[in-house]
Amino acid sequence: MRLSQTFTKTRKDAPADETSKNAQLLIRAGYIDKELAGVYSYLPMGLKVLENIKNIVRDEMNALNSQELIMTNLQSPDLWKSTGRWDEKSVDVWFKTKLQDGTELGLAWSHEEPILNMMQQFITSYRDLPTSVYQFQTKLRNELRAKSGIMRGREFVMKDMYSLHASQKDMDQYYERVIEAYKKIYSRLGIGNDTFVTFASGGSFTKFSHEFQTICDAGEDTLYVSDDKTIAVNKEVLDDATQELGVDKSKLNAVITAEVGNIFKFGTEKSEKMNIKYTDSDGVRKPIYLASYGVGITRVMGVIAEKYSDDKGLVWPENIAPYKVYLARLGESNEVIKASDETYKSLQKAGVTVLFDDRDVRPGDKFADADLLGIPFRLIISEKTIRNGKYELKIRTDETPVMIELDKLIKRLANQA
RNA sequence: CAGGGUGUAGCUUAGUUGGUAAAGCGCCGGGCUGGGGGUCCGGAGACCGGAGGUUCAAGUCCUCUCACCCUGACCA
């Protein structure tokens, strides 16, 4: 993409009404725009980041043989009434609306009931199990208070997966595979080392659920972690969980974290309430075992923005950066224009995503934008680099650049997909 | 939802005891520049969140209201 053709602009000042680091940086860089409190639009480059995160998650879900679909945002109250979750005393984040004829509708804050109801049409026999489906969906939640930029909004993107099984054992085994897949996801997203699988409250269906919590100052949770990082317990279940695990809680250290994923087993509780059943090999109708698995996609983006940034701006991990290279042309001579145009084409041809700063602005503006946007590699083409016959490459996190030949450069950048 | 705070140009802000709005950034035109948001000249851009009230006169005082932020509560 040529920067001269993008409509977004960077800015020096963050809006006064944004105090969270993630929103300040993302708005300054032109990745997102605030529409309402807790409601953000994703602009072209922000969307690229979001899609990159989704693609990593999608990849791992597909590897679990889960099938992607997409459910609706308008929901019928009937299903939710069957599980007692239409009542605002039970679920206090509902947005509710009406059709013109007065029929009540709910706006999707979750999709458990609708997705399971839909699945019942197809899953009727033990031969149909196990199966697993997932989606990336916009959830609408009437939170009393939105906060922390895109980390806790009233409208956000979530990946939710649901697995259906004929037995507890099968569900347990799949659940373990999902934990491993989640670990891979967070590792590929660049936050693996700071993300813990934790024991958390299981709500009414199971004693504990597992949360994936990432160390982040802007987070809302407190985790107690063992020195070797193998045990992590959410504060809300500290006493119960340490007792269950036989761990001395005084040996655990508190850290502030943000919840980036939550998985839990419903077992047969929910399918019994919703009457979701299959016919087993013995001809008996039995409730389906269910488990569900979420990843807060937009929240992950916020957490990464919080964690990977410095005083100059964002520092995207390579896997999710909107572009891999920021190609800055310094100078407006025909020679420099020609050389940079050619490099732009060569990189694209090699499959390297490039944001080409072809604007006629001062070098300082380009350096500042390259840093603020957080593109992993900055490549400079100028009279100087042309004279040297080499290109100047700087990694976002490095202080000093290196000089490199084009073929080596392309090899280096193209190999890092 | 409770408590606290803030609304003035696209953004960040200033605005005195009430007298019809000022600057920086950004934007437009031009000059000098050209490796870390440079500089100079000229210009456009705001019915001061909204409604009502007090007053000869309201950005400023009063009432109501809306929005946004923070702390807490809440958070399958």
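Every chain is numbered from 1 and lettered A, B, ... according to where its sequence line falls, protein lines coming before strand lines.
- A sub-4.0 Å separation between OP1 or OP2 of B:C70 and a side-chain N or O of A:Thr19 is present.
- Residue contacts shown for A:Thr385 include a base, since a base heavy atom lies under 4.0 Å away.
- In this entry the distance linking CZ of A:Arg11 with P of B:U13 reads 12 Å, nearest Å.
- In this structure, B:C27 and B:G43 make a Watson-Crick or G-U wobble pair, each of the two defining distances being under 3.5 angstrom.
- As rounded to the nearest Å, B:A21 and B:A58 have C1' atoms that lie 13 Å from one another.
- Comparing A:Leu36 and A:Glu383, the nucleotide of RNA chain B nearest to each residue sits closer to the 5' end for A:Glu383.
- Whole-Å rounding puts the A:Glu259 CD to B:C74 P distance at 16 Å.
- Counting atom types as modelled, A:Arg362 pairs no side-chain N or O with a base atom of B:G37 as donor and acceptor under 3.5 Å.
- Pairing of B:C32, defined by two Watson-Crick or G-U wobble distances under 3.5 Å, is identified with B:G38.
- Although no hydrogens or angles enter the test, the distance criterion places a donor-acceptor pair under 3.5 Å between the side chain of A:Thr298 and the main chain of A:Val157.
- Applying the Watson-Crick and G-U wobble criteria (two distances, each under 3.5 Å), B:A73 pairs with nothing in any strand.
- Within 4.0 Å (heavy atoms only), A:Val361 reaches at least one base atom of the nucleic acid.
- Between the side chain of A:Glu392 and the base of B:G35 there is at least one donor-acceptor pair of N/O atoms closer than 3.5 Å.
- Evaluation of atom-type donor-acceptor distances gives a pair under 3.5 Å for the side chain of A:Asp371 against the base of B:G36.
- B:G4 and B:U16: their P atoms are spaced 25 Å apart (whole Å).
- Residue-to-nucleotide contacts include a donor-acceptor pair under 3.5 Å from the side chain of A:Asp360 to the base of B:G34.
- Distances from the side chain of A:Ala37 to the nucleotides B:U12, B:G35, B:C68 place B:C68 closest.
- Panel note: side chain A:Arg154, backbone A:Leu144; a donor-acceptor pair is recorded below 3.5 Å.
- Without hydrogens or angle criteria, A:Lys96 side chain to A:Trp86 main chain gives a donor-acceptor distance under 3.5 Å.
- For B:A9 and B:C28, the C1' atoms lie 15 Å apart once the distance is rounded to whole Å.
- Residue A:Gly149 comes nearest to A:Ala23 through the heavy atom pair CA-CB, 3.8 Å, listed as atom of the first residue, atom of the second, then distance.
- Applying the ring-ring contact (aromatic ring centres under 6.0 Å, His included) test to every pair with at least one member in residues 391-411 of chain A, sequence neighbours left out, gives no pairs at all.
- Between A:Ile27 atom CD1 and B:C68 atom C1' there is a gap of 12 Å when expressed in whole angstrom units.
- At a threshold of 4.0 angstrom between heavy atoms, the contacts of A:Ala328 with the nucleic acid are absent.
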Test side-chain hydrogen bond (donor to acceptor under 3.5 Å, both in side chains) on A:Glu88 and A:Trp94; report intermediate values, then the result. CA-CA 7 Å; A:Glu88 270 134 44; A:Trp94 269 117; over 6 Å; no
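- On a pure distance criterion of 3.5 Å, no polar donor-acceptor pair joins the side chain of A:Asp13 and the base of B:G26.
- Atom P of B:U17 sits at a distance of 23 Å from the matching atom of B:U55, rounded to the whole Å.
- Contact annotation: the side chain of A:Lys139 approaches that of A:Asp160 to within less than 4.5 Å [non-hydrogen atoms, C-beta and beyond].
- Using a 4.0 Å heavy-atom criterion, one finds that A:Ser292 contacts no nucleic acid atom at all.
- With sequence neighbours left out, A:Asn253 forms a side-chain hydrogen bond (donor to acceptor under 3.5 Å, both in side chains) with A:Asp227.
- If you take atom P in B:A14 and the same atom in B:C41, they sit 26 Å apart, rounded to whole Å.
- Rounded to a whole Å, the CZ atom of A:Arg28 is 14 Å from the P atom of B:G37.
- Taking a pair to require two hydrogen-bonding distances under 3.5 Å in either a Watson-Crick or a G-U wobble arrangement, B:G59 remains unpaired.
- Note: A:Tyr293 and A:Tyr174 have perpendicular aromatic rings, judged against thresholds of 30 and 60 degrees for the angle between ring planes.
- If you check every strand for non-hydrogen atoms under 4.0 Å, A:Asp365 touches a base.
- For the pair A:Asn234 CG and B:C75 P, the computed distance is 13 Å after rounding to whole Å.
- The phosphate of B:G35 has neither OP1 nor OP2 within less than 4.0 Å of any side-chain N or O from A:Lys384.
- Side chain A:Arg378 to base B:G36: a donor-acceptor pair is found below 3.5 Å.
- If you take atom C1' in B:G10 and the same atom in B:G45, they sit 9 Å apart, rounded to whole Å.
- At least one side-chain heavy atom of A:Glu259 sits less than 4.5 Å from a side-chain heavy atom of A:Arg299.
- Distance CH2 (A:Trp109) to C1' (B:C74): 14 Å, rounded to an integer number of Å.
- Across the P atoms, B:A44 and B:G7 are found 28 Å apart, a figure rounded to whole Å.
- Taking atom C1' on both B:G37 and B:C75, the two are 41 Å apart, rounded to the nearest angstrom.
- Of the nucleotides present, B:U6 is the one that pairs with B:A67 by Watson-Crick or G-U wobble criteria, both distances under 3.5 Å.
- Regarding contacts with the backbone of B:C27, every side-chain N or O of A:Lys9 stays at 4.0 angstrom or more from both OP1 and OP2.
- Contacts between residues 142-159 of chain A and RNA chain B, defined by a heavy-atom separation below 4.0 Å, involve A:Leu144, A:Arg145, A:Arg152, listed by number.
- Here the P atom of nucleotide B:A67 and the NZ atom of A:Lys34 are 13 Å apart, to the nearest Å.
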Can you check side-chain hydrogen bond (donor to acceptor under 3.5 Å, both in side chains) on A:Asp358 and A:Ser4, steps first, answer last? CA-CA 6 Å; A:Asp358 59 340; A:Ser4 63; 2.8 Å; yes
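- The distance between atom CZ of A:Phe367 and atom P of B:G34, rounded to the nearest whole Å, is 15 Å.
- Using Watson-Crick or G-U wobble geometry with both donor-acceptor distances under 3.5 Å, B:A22 finds its partner in B:U13.
- Nearest-nucleotide positions on RNA chain B for A:Lys394 and A:Asp92 put A:Lys394 closer to the 5' end.
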